[in-house]
Q: 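Okay, here's the structure, questions in a sec.
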Amino acid sequence: MINFPLDTVYLESVDSTNSYLKRIIKESGLARGMSVMTKTQTSGRGRLGRSWLSSEGDTLCMSIAVKAPYFEGFTLLAALAVYDALMPFCSDKNLQIKWPNDIICNSKKLSGILCERVNEYTVIGIGINVNDKAFASEISHKATSLFLLNKEKFDIKEIFKGVNKSFEDTFSRYGFSFAKDAKAKYESLCANLGKEVFTQNLNGVAVGIGEDGSLLLKTDGGIIPVSSGEVAVHNIY
């Protein structure tokens, strides 16, 4: 594929890795796919406009730009790639995906993903708690790290390389689509399914994933697809 292997960039500090790649795409363009990581991110962002809190030197802050047609379920496919990259470090633990794209372990958030479309590129921002030993009080009850899970430190650059390889493998396997086998794998890993979930306007039991990547809720009014917004899961967050 045209995007792989990705050109890689290592930065000491940047406002956000997504913003860095978006500026390059808008100002000069990219000849091929690019992946960037930074030691310090001063204005990291998560889904729904939230700030992404990171610890300098302990959190992997990275973004990947891939030239591909955007498709429904793109962000879920990205979650599969990050899941596969982290699985070797959590093989004996309960590693799952919380819809749409949080990677959780033992019901706590290990990684978050933010996808943004810029011209013909999709920029995939990824934050992974690697060597974080503690978290701010407002998120300490729902966050974890590879260090806390394994009681050992990891080489963040090696994990960065592993994530890049996992994206290459994922897109090579499924193509640029949320294919039937990708959906089946995602459903087998989705922490929401079979649980009561809550949105701003709905509550019901999550019973499946739609072909477009939506979360299917069984409610008193029937099966309703949820395609965006905040989804809370009973006994997770």
Side-chain angles (χ1 to χ4, degrees), residues 44-55 58-60 73 75-115 125-151 178 182-210 212-237:
R45 292 178 296 113
R47 289 183 65 244
L48 307 177
R50 295 190 183 96
S51 296
W52 174 266
L53 302 177
S54 59
S55 177
D58 291 328
T59 307
L60 172 56
T75 188
L76 279 68
L77 196 65
L80 286 178
V82 177
Y83 173 94
D84 286 345
L86 295 178
M87 188 59 194
F89 308 98
C90 305
S91 58
D92 60 340
K93 300 171 181 66
N94 188 27
L95 190 68
Q96 295 176 290
I97 301 172
K98 177 181 175 288
W99 186 90
N101 54 19
D102 281 355
I103 311 301
I104 65 174
C105 194
N106 298 337
S107 299
K108 291 188 174 184
K109 187 170 180 176
L110 179 60
S111 173
I113 300 168
L114 172 66
C115 294
I126 305 156
I128 301 175
N129 300 326
V130 180
N131 293 321
D132 307 74
K133 299 175 183 63
F135 296 94
S137 58
E138 63 266 29
I139 62 170
S140 60
H141 65 288
K142 61 180 181 180
T144 191
S145 69
L146 293 180
F147 175 84
L148 293 174
L149 291 165
N150 295 280
K151 308 306 179 187
F178 190 51
K183 186 171 88 74
K185 179 176 179 178
Y186 185 96
E187 287 182 323
S188 73
L189 301 171
C190 184
N192 305 65
L193 298 192
K195 294 185 174 66
E196 187 173 10
V197 303
F198 308 86
T199 73
Q200 185 175 3
N201 302 310
L202 293 169
N203 71 282
V205 176
V207 294
I209 301 296
D212 61 353
S214 59
L215 183 66
L216 304 179
L217 297 189
K218 183 178 181 180
T219 72
D220 292 339
I223 303 297
I224 298 178
V226 175
S227 57
S228 62
E230 178 68 8
V231 173
V233 185
H234 183 60
N235 288 335
I236 299 181
Y237 62 85

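Every heavy atom of this structure was used, including side-chain atoms; hydrogens, water molecules and symmetry mates were not.
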Q: I'd like to check Leu80 versus Ile97 (side-chain heavy atoms, cut-off strictly below 4.5 Å). Are they in contact?
A: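 Leu80 vs Ile97: side chains touch.
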Q: If you look at every heavy atom in Thr219 and Asn203, which pair is closest and at what distance?
A: CG2-O, 3.7 Å
Q: May I ask you to check whether over 12 heavy atoms, not counting those of Lys218, lie within 6.0 Å of atom NZ?
A: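 At most 12 heavy atoms, drawn from other residues, nucleotides or ligands, come within 6.0 Å of this atom.
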Q: Does Asp220 CG have over 12 foreign heavy atoms under 6.0 Å away?
A: no
Q: Quick one: are Gln96 and Leu189 in side-chain contact, heavy atoms under 4.5 Å?
A: no
Q: What are the two closest non-hydrogen atoms of Gly210 and Leu216, and how far apart are they?
A: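 Minimum heavy-atom contact is N-CG, 3.8 Å.
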Q: I'd like to know whether Leu146 forms a side chain to side chain contact (heavy atoms under 4.5 Å, CB included) with Leu110, so could you lay out the CA-CA distance, the side-chain angles of the two residues, the decisive distance to 0.1 Å, and finally the verdict.
A: CA-CA 8 Å; Leu146 293 180; Leu110 179 60; 4.0 Å; yes
Q: Does NZ or CZ of Lys183 fall inside the cone over Phe178's six-membered ring, less than 6.0 Å from its centre and within 45° of the axis?
A: no
Q: Looking only at heavy atoms, which two atoms of Tyr237 and Ser107 are closest? And how far apart?
A: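 What the structure gives for the nearest pair is CD2-O, 4.0 Å.
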Q: Just by distance, do the side chain of Trp99 and the backbone of Gly213 share a donor-acceptor pair under 3.5 Å?
A: yes
Q: Is the shortest heavy-atom distance from the side chain of Leu215 to the side chain of Leu193 under 4.5 Å?
A: yes
Q: Looking at Asn129, is its backbone amide N or carbonyl O close enough to the side chain of Thr59 to form a donor-acceptor pair, meaning the two atoms are under 3.5 Å apart?
A: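 No: the side chain of Thr59 does not pair with the backbone of Asn129.
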Q: What's the spacing between Asn192 CG and Ile209 CD1 if we round to 0.5 Å?
A: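 Nearest 0.5 Å value for the CG-CD1 distance: 7.0 Å.
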Q: Counting distance only, does the side-chain N/O of Lys98 pair as donor-acceptor with the main-chain N or O of Val231 below 3.5 Å?
A: yes
Q: Would you give the length of the straight line joining atom CG of Leu76 to atom SG of Cys190, rounded to the nearest 0.5 angstrom?
A: 8.0 Å
Q: Enumerate donor-acceptor pairs with a distance under 3.5 Å from any side-chain N or O in residues 81-91 to protein atoms, sequence neighbours excluded.
A:
residue, atom, partner, partner atom, Å
Asp84, OD1, Lys185, NZ, 2.9
Asp84, OD2, Lys185, NZ, 2.9

Q: Going by salt bridge (Lys or Arg N to Asp or Glu O under 4.0 Å), name the residues that satisfy it together with Glu196, two or more places apart in sequence or in a different chain.
A: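 Counting only residues at least two positions away or on another chain, Glu196 forms no salt bridge (Lys or Arg N to Asp or Glu O under 4.0 Å).
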Q: Would you say Phe147 and Asp58 make side-chain contact, with heavy atoms under 4.5 Å?
A: no
Q: Going by heavy atoms in the side chains, are Leu95 and Ile103 under 4.5 Å from each other?
A: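 In short, these two side chains touch, coming nearer than 4.5 Å.
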Q: Taking all non-hydrogen atoms of both residues into account, name the closest pair between His141 and Lys108 and its distance.
A: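 Closest pair (atom of His141, atom of Lys108, distance): O-CE, 3.5 Å.
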Q: Which heavy atom in Ala206 sits nearest to a heavy atom in Leu217, and how many Å separate them?
A: CA-CD2, 3.8 Å
Q: Could you go through Asn106 and Thr144, starting from their C-alpha distance and side-chain angles, then the distance that decides it, and tell me whether this counts as side chain to side chain contact (heavy atoms under 4.5 Å, CB included)?
A: CA-CA 9 Å; Asn106 298 337; Thr144 191; over 6 Å; no
Q: So which heavy atom on Val233 is nearest to which on Ala191, and how close?
A: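 Taking Val233 first and Ala191 second, the nearest heavy atoms are CG1-O, 4.3 Å.
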Q: Has Asn101 got a side-chain atom pairing as donor or acceptor with Ile113's backbone, closer than 3.5 angstrom?
A: yes
Q: Without swapping roles, check the side chain of Asp212 against the backbone of Ser214 for a donor-acceptor pair under 3.5 Å.
A: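 Flag set: sc Asp212 to bb Ser214 pair under 3.5 Å.
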